[in-house]
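See structure below.
Note: hydrogens, waters and symmetry copies are ignored here, and every other heavy atom, side chains too, is used. Numbering starts at 1 and runs along the sequence shown.
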Amino acid sequence: ETAFSEILQTAEDIGFFTMNDTYDRVDMTDMPSAVITINTGSFRKRVEHYHGDQSAPESLTALEEAIDTAAGVSRWTVPYHPGEGSGEMI
């Protein structure tokens, strides 16, 4: 099974295709955003997710993380650990 097939199955399992198109309420400020668009060829769904919107389903964040994992984004990002090699005091 391909990574896309697994992501598509997960999207179907969590009800991605019936989610709101946007989750952009500002319950918290200065949070990141994510946009997922899935195009199956016969159907297209886009969901914009501001992570400060606490009404967004937790399963949406899990799907975002699954996509990041499948895409291997960790090779371009580094977790932030204050005080580790940055010269900052903890």
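Cluster partners of V73 are W76, counting Ile, Leu, Val, Met, Phe, Trp and Tyr whose side-chain heavy atoms approach within less than 4.5 Å, directly or via other members.
Under the 4.5 Å side-chain criterion, counting only non-hydrogen atoms from C-beta, F16 is not in contact with L8. Side chains of Q9 and E12 form a contact here, defined as non-hydrogen atoms less than 4.5 Å apart.
Here the side chain of Y50 pairs a donor or acceptor atom with the backbone of M28 at under 3.5 angstrom.
The minimum heavy-atom distance between A11 and I38, with the atom names listed, is CB-CD1, 3.7 Å. For the residue pair K45 and M19, the shortest heavy atom distance occurs at NZ-O, 2.7 Å. The two residues I7 and A66 have their closest heavy-atom pair at CD1-O, 4.4 Å.
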Open item on the list: Quick one, N39 with R46, criterion side-chain contact (heavy atoms from CB on, under 4.5 Å). Give me CA distance, side-chain angles, the key distance, then yes/no.
Closed with: CA-CA 9 Å; N39 187 344; R46 174 185 166 106; over 6 Å; no

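Note: E65 CD to L60 CG = 10.0 Å, rounded to the nearest 0.5 Å. Taking OG from S33 and NE2 from H49, the interatomic distance works out to 8.0 Å, rounded to the nearest 0.5 Å. One distance of note links CD of E48 with CG of D24; it measures 7.5 Å at 0.5 Å rounding.
Remark: the S55 side chain and the D53 side chain contain an N/O donor-acceptor pair separated by less than 3.5 Å.
Put simply, L63 and F43 are part of the same group of oily side chains (I, L, V, M, F, W, Y) that touch within less than 4.5 Å, one to the next. Cluster annotation: I67 and F4 are assigned to the same hydrophobic cluster (Ile/Leu/Val/Met/Phe/Trp/Tyr, side-chain heavy-atom contacts under 4.5 Å, transitive). Following chains of ILVMFWY side-chain contacts shorter than 4.5 Å, one cannot reach V35 starting from M31, and the two form parts of different hydrophobic clusters.
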